[in-house]
Amino acid sequence: MTGIQVNGRCIDEDAILREMQYHPAENVAAARRAAAEWLVIRALLLDRAHALGIDEADESAAVQAVIDREVDIPEPAEAECRRYYDNNPARFSSPDLVEAAHILLAAAPDDEAQRDRAEAQAGELIDTLSGTPERFGELARAHSACDSKHNDGRLGQLSRGDTVPEMETFLFNLEEGQLSPIPVKTRYGLHVVRVDKRVSGRLLPYETVADKVADYLKEASWRRAFRQYVQLLAGDARISGFDIAAADSPLVQ
């Protein structure tokens, strides 16, 4: 991405590399493109500021002045907010919760022999607990490598995201009082897992999330409007060295 020009304004490699720190991404190429794209957009906005006669000593202030003047987003209507709320109940529900306990048999992820031994021991514990479930606390205190052993292996109340994904898959699929029939493998080792209680999430009343709904819709509208506005600017600009979508109509959807 070298040799980018916007209406004769040059965006060099050093500028892109400096900007990359503000655009975290899953890889360097994605961060590089995001940085270059923002510098192109910034150049378009600065040119627009000049055309509008916006005289700001600070370029960032000039960019913001253009956005404030020309990207206007109306407040979402009540009917629109309620419709979004009705159509997206999962977004506005309290989280599912579980109360669980476990016995951790620690094993390093790269030690195959240790993991095999831990898996065999976990299987033996599951067999024992299947016949004598009341011994869970006793066995946790005796064998678990987790501090929860001091509380009979109890992990307390958990929601999605509180544990590693491998554990979560089991926790939110077991029934109340159910012991996992197989050991659960995670990066920490092998786990014997029991779910003690489940609390399903419930839809929160509209009144308690109305502001959140409105903020979400306004943010989504702003992003669409800003992208369309940039496309319009790009459609009237001379850009080389970078491919940015350009609009040829003011009615961009």
Side-chain angles (χ1 to χ4, degrees), residues 1-92 206-253:
M1 289 183 189
T2 58
I4 299 174
Q5 292 202 5
V6 180
N7 293 330
R9 184 194 302 265
C10 180
I11 299 173
D12 61 26
E13 186 71 9
D14 286 344
I16 294 172
L17 293 176
R18 288 194 301 271
E19 182 66 25
M20 281 175 61
Q21 63 183 305
Y22 304 112
H23 302 272
E26 60 184 17
N27 55 57
V28 172
R32 192 184 187 91
R33 175 171 176 82
E37 181 179 38
W38 169 244
L39 291 174
V40 169
I41 292 170
R42 189 170 184 271
L44 291 170
L45 292 170
L46 288 172
D47 285 346
R48 183 59 178 165
H50 179 74
L52 293 172
I54 294 175
D55 185 16
E56 295 279 0
D58 179 74
E59 289 187 344
S60 296
V63 165
Q64 190 59 54
V66 172
I67 294 172
D68 291 342
R69 181 184 296 190
E70 300 214 316
V71 183
D72 183 31
I73 304 299
E75 293 291 333
E78 175 77 5
E80 182 184 3
C81 290
R82 285 193 172 273
R83 183 165 56 251
Y84 186 82
Y85 168 82
D86 290 338
N87 291 337
N88 296 273
R91 185 181 288 273
F92 305 109
Y206 174 76
E207 291 71 23
T208 66
V209 296
D211 289 345
K212 181 179 178 181
V213 176
D215 288 345
Y216 176 83
L217 290 178
K218 189 171 183 179
E219 173 68 14
S221 295
W222 189 92
R223 289 181 179 276
R224 286 194 300 271
F226 182 69
R227 173 55 63 181
Q228 290 170 4
Y229 178 68
V230 167
Q231 288 174 333
L232 290 173
L233 294 181
D236 292 332
R238 302 185 314 279
I239 302 174
S240 63
F242 189 84
D243 181 22
I244 188 168
D248 57 8
S249 165
L251 300 176
V252 179
Q253 299 298 323

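Here, residue 1 is the first one in the sequence, and each next residue gets the next number.
Between Leu217 and Cys81, the shortest heavy-atom distance links the atoms CD1-CA, 3.8 Å. Across every non-hydrogen atom of Ile4 and Ala36, the tightest pair is CD1-CB, 4.0 Å. Smallest separation of non-hydrogen atoms from Cys10 and Gln5: CA-CG, 4.3 Å. Taking both residues in full, the closest heavy atoms of Ala31 and Met20 are given as O-CG, 3.9 Å, listed atom of the first, atom of the second, then distance. Of all the heavy atoms in Phe226 and Val71, the pair that sits closest is N-CG1, 4.1 Å. Across Asp72 and Pro74, no two heavy atoms sit closer than the pair O-CD, 3.9 Å.
Ion pairing between a basic and an acidic side chain is recognised when a charged N comes within 4.0 Å of a carboxylate O; Glu26 and Arg33 show no such pairing. Salt bridge annotation for Arg42-Glu59: present, with a cationic side-chain nitrogen under 4.0 angstrom from a carboxylate oxygen. Electrostatic pairing of Arg82 and Glu207 counts as a salt bridge here, judged by a charged N lying under 4.0 Å from a carboxylate O.
Screening Val40, Leu39, Ile41 against Val6 for a side chain to side chain contact (heavy atoms under 4.5 Å, CB included) leaves a single residue, Val40.
By the 4.5 Å heavy-atom criterion applied to side chains, Leu45 and Gln64 are not counted as neighbours.
One distance of note links OG of Ser60 with CG of Leu46; it measures 8.5 Å at 0.5 Å rounding. For the atom pair OH of Tyr206 and NZ of Lys212, the computed distance is 13.0 Å after rounding to the nearest 0.5 Å. Atoms CG and CZ, from Asp86 and Phe92 in turn, are 10.0 Å apart once rounded to the nearest 0.5 Å. Atoms OG and CD, from Ser221 and Glu75 in turn, are 10.0 Å apart once rounded to the nearest 0.5 Å. Summarising the geometry, atom CD1 belonging to Ile73 is positioned 11.5 Å from atom CZ belonging to Arg223; distances are rounded to the nearest 0.5 Å. One finds the CD1 atom of Ile16 at 8.5 Å from the CZ atom of Phe242 (value rounded to the nearest 0.5 Å).
With a 6.0 Å radius and a threshold of 12 heavy atoms from other residues, nucleotides or ligands, Asp14 has its CG atom above the threshold.
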(message) Run Arg83 and Asn87 through side chain to side chain contact (heavy atoms under 4.5 Å, CB included) and show every step you take.
(response) CA-CA 6 Å; Arg83 183 165 56 251; Asn87 291 337; 3.6 Å; yes
(request) Report the C-alpha distance between Val230 and Ile244 in whole Å, list the side-chain angles of each, state the deciding distance to 0.1 Å, and finish with yes or no for side chain to side chain contact (heavy atoms under 4.5 Å, CB included). (result) CA-CA 9 Å; Val230 167; Ile244 188 168; 4.0 Å; yes
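Residues that satisfy the salt bridge (charged side-chain N to carboxylate O under 4.0 Å, His left out) test with Glu70, not counting sequence neighbours, are Arg48.
With hydrogens and angles ignored, the 3.5 Å screen pairs a side-chain donor or acceptor of Asn7 with a backbone N or O of Arg238.
Aromatic rings of Tyr84 and Tyr216 (six-membered ring for Trp) have centroids within the 6.0 Å cut-off, being under it.
Between Arg91 and Tyr85, the side chains place no donor N or O within less than 3.5 Å of an acceptor N or O (distance only, hydrogens not considered).
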